[in-house]
Student: 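Before I ask anything, let me first share the structure, which is written out below as structure tokens.
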Protein chains: 2
Amino acid sequence: MAASSPPDPPRLRRTAGDRRAQLVRIGLELLPTTPVQELTIDEVARRAGISRSLLFHYFATKREYYTAVTRAAADLMLEHLLPPPGTSREEQVAGMLDRYVGWVETFRESHLAFVRGAGGGDPWVAEVYEETRERLVQVALTALELPDDARRRQLVLAWFAFTEDLVGSWADQPTMGRPELLALLRDVLDRLDVRT
Amino acid sequence: MAASSPPDPPRLRRTAGDRRAQLVRIGLELLPTTPVQELTIDEVARRAGISRSLLFHYFATKREYYTAVTRAAADLMLEHLLPPPGTSREEQVAGMLDRYVGWVETFRESHLAFVRGAGGGDPWVAEVYEETRERLVQVALTALELPDDARRRQLVLAWFAFTEDLVGSWADQPTMGRPELLALLRDVLDRLDVRT
DNA sequence: TAGCTTGTTGAGCGTTGCTCAGCAAGCCGG
DNA sequence: CCGGCTTGCTGAGCAACGCTCAACAAGCTA
């Protein structure tokens, strides 16, 4: 009796691009439940139905892998936040703020994972996070029609931290209405740039 | 010829308390250069001149160890920030703010490590961080003579995030004078609680 | 000195990041 | 149909690390 194991499905051979995309996608799916750096190669490979070795064919080190995942997450968020072309300058900031709150409300877990992973000590991940913030501050300063000097950058970045923290805890425990939250954030930002 | 290795110094036997303290101290020394969670048992044990096994005698798991280290770091900072008894309420906030900036200036690396480690995905470490923030917000609200409702807590916590971020980048690149920085931070805080 | 407590160790196991030699799927020219 | 080439892919295995366990030994007390 050839009571053999379930017939291994014929080995599937993908193009390099497909495989890479699949692996990054799996990483993104795992992000909400696992801090990026704690993704295990075993788990990812298992989900992809490939051997550990293959993952190292596409990403030389584990770090290179989860950096790619982080970058993908950042790109998703940026794509969602950036104002569509043709928006008036005034509406740009309001729109981004509104979409940001929406983003946090919708992808609470994933977003927390992204922000957390950012702080998580790994310089590579932190760099991706910084890049994202830099791109956002750039857009914000342009939309506000403010010159972009070091000082203003610092203030806007700190305001991002303020916003991130407040929106995060607000999503957990809504102590005010959504419009009020938006107005408050906007107001703090406006007051900040008034000073010199 | 007994060309033996250097005569092992007679084994030193410490009290449990001493050993624990030594291990935590070593962790604190390593903090500035290594994210807490990436401390390796090997390294710590080597520095302490003991075997890996002994560390597990005092801390059941690695996580328990680095949580203890994190808590020690938090306690050091709190001890430095909390206003000495006999300070007037008004001076308390100003004093804490001033000492916080000084703390960041002096222990830049360590403090960054603490803040980073906090975000780093590990729930236990995050909890220690949250506890610290909660204690600080408590002191702040009392000093400001403000009722401590959920909403105000959120706002003050978000202001902490603002402060942390701004002081951090300011220490890297001082775009204003120290007094101006302090005034700005204080001003933002004051304006926040005015609303409602 | 015997005996107890407890600080301490070494050997070893399972997991995980990573390497390397080589297999095999799919396409080509003949 | 065949040989050969490219390249996606695998399995065995190593080193590092977290963690366990049985046993040793330092120092106290009776």
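Note that these values count all heavy atoms, side chains included, but never hydrogens, waters or copies made by symmetry. Residue numbers start from 1 in every chain, and the chains themselves are labelled A, B, ... in the order their sequence lines are given, proteins ahead of strands.
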Student: Tell me: CD of A/Glu64 to C1' of C/dG17, nearest whole Å?
Tutor: 14 Å

Student: Output yes when at least one side-chain N/O atom of A/Arg52 is less than 4.0 Å from OP1 or OP2 of D/dG11, else no.
Tutor: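 No, A/Arg52 has no side-chain N/O under 4.0 Å of OP1/OP2 on D/dG11.
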
Student: Would you mind reading off the distance between A/Arg19 atom CZ and D/dT10 atom C1', rounded to a whole angstrom?
Tutor: 12 Å

Student: Closer than 4.0 Å, any side-chain N/O of A/His57 to the OP1 or OP2 of D/dG8?
Tutor: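 For A/His57, the contact criterion (side-chain N or O under 4.0 Å from OP1 or OP2 of D/dG8) is met.
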
Student: Rounded to whole angstrom units, what separation is found between the CZ atom of A/Phe56 and the P atom of D/dA12?
Tutor: 17 Å

Student: Taking atom C1' of D/dG18 as reference, at what distance in whole Å does atom CG of B/Leu39 sit?
Tutor: 13 Å

Student: Closest nucleotide of DNA chain C for A/Lys62 versus for B/Ile50: which of these residues is on the 5' side?
Tutor: B/Ile50

Student: Would you say the side chain of A/Arg13 and the base of D/dT7 hold a donor-acceptor pair, judged only by whether the two atoms sit under 3.5 Å apart?
Tutor: yes

Student: Think B/Tyr58 has a side-chain N or O under 4.0 angstrom from the OP1 or OP2 of C/dT8?
Tutor: yes

Student: With a non-hydrogen cut-off below 4.0 angstrom, is B/Thr61 in contact with a base, only sugar-phosphate, or nothing?
Tutor: sugar-phosphate

Student: Looking at every strand, decide which applies to B/Leu54 at a 4.0 Å heavy-atom threshold: base, sugar-phosphate, or nothing.
Tutor: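 Base contact.
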
Student: For A/Arg14, answer base if it contacts any base atom (sugar-phosphate contacts may also be present), sugar-phosphate if it contacts only those atoms, and nothing otherwise; contact means non-hydrogen atoms under 4.0 Å.
Tutor: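 Sugar-phosphate, no base atom in range.
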
Student: Nearest to the side chain of A/Ile41, which nucleotide is it out of D/dC19, C/dG17, D/dC21?
Tutor: C/dG17

Student: Using whole Å, what does the distance between atom P of nucleotide C/dG7 and atom CD of B/Gln22 come to?
Tutor: 14 Å

Student: Should the pair A/Glu90-A/Arg186 be classified as a salt bridge under the 4.0 Å nitrogen-to-oxygen rule?
Tutor: yes

Student: What's the OH-P distance between B/Tyr65 and D/dC17, to the nearest Å?
Tutor: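 So the OH-P distance, B/Tyr65 to D/dC17, works out to 15 Å.
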
Student: In plain terms, say whether B/Arg152 and B/Asp148 are close enough for a salt bridge, that is, a side-chain N and a carboxylate O under 4.0 Å apart.
Tutor: no

Student: Tell me: CG of B/Asp42 to P of C/dG10, nearest whole Å?
Tutor: 13 Å

Student: Looking at every strand, decide which applies to A/Leu55 at a 4.0 Å heavy-atom threshold: base, sugar-phosphate, or nothing.
Tutor: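 The answer is nothing, as A/Leu55 stays clear of every strand by at least 4.0 Å.
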
Student: Is there, by distance only and without an angle test, a donor paired with an acceptor across the side chain of B/Ser53 and the base of C/dG10 below 3.5 Å?
Tutor: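 Present.
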
Student: Taking NZ, NE, NH1 and NH2 as the nitrogens, is one of them in A/Arg178 or A/Asp98 under 4.0 Å from a carboxylate oxygen of the other?
Tutor: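 Salt bridge present between A/Arg178 and A/Asp98.
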
Student: Rounded to whole angstrom units, what separation is found between the CG atom of B/Leu23 and the P atom of C/dT8?
Tutor: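 Between P of C/dT8 and CG of B/Leu23: 9 Å.
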
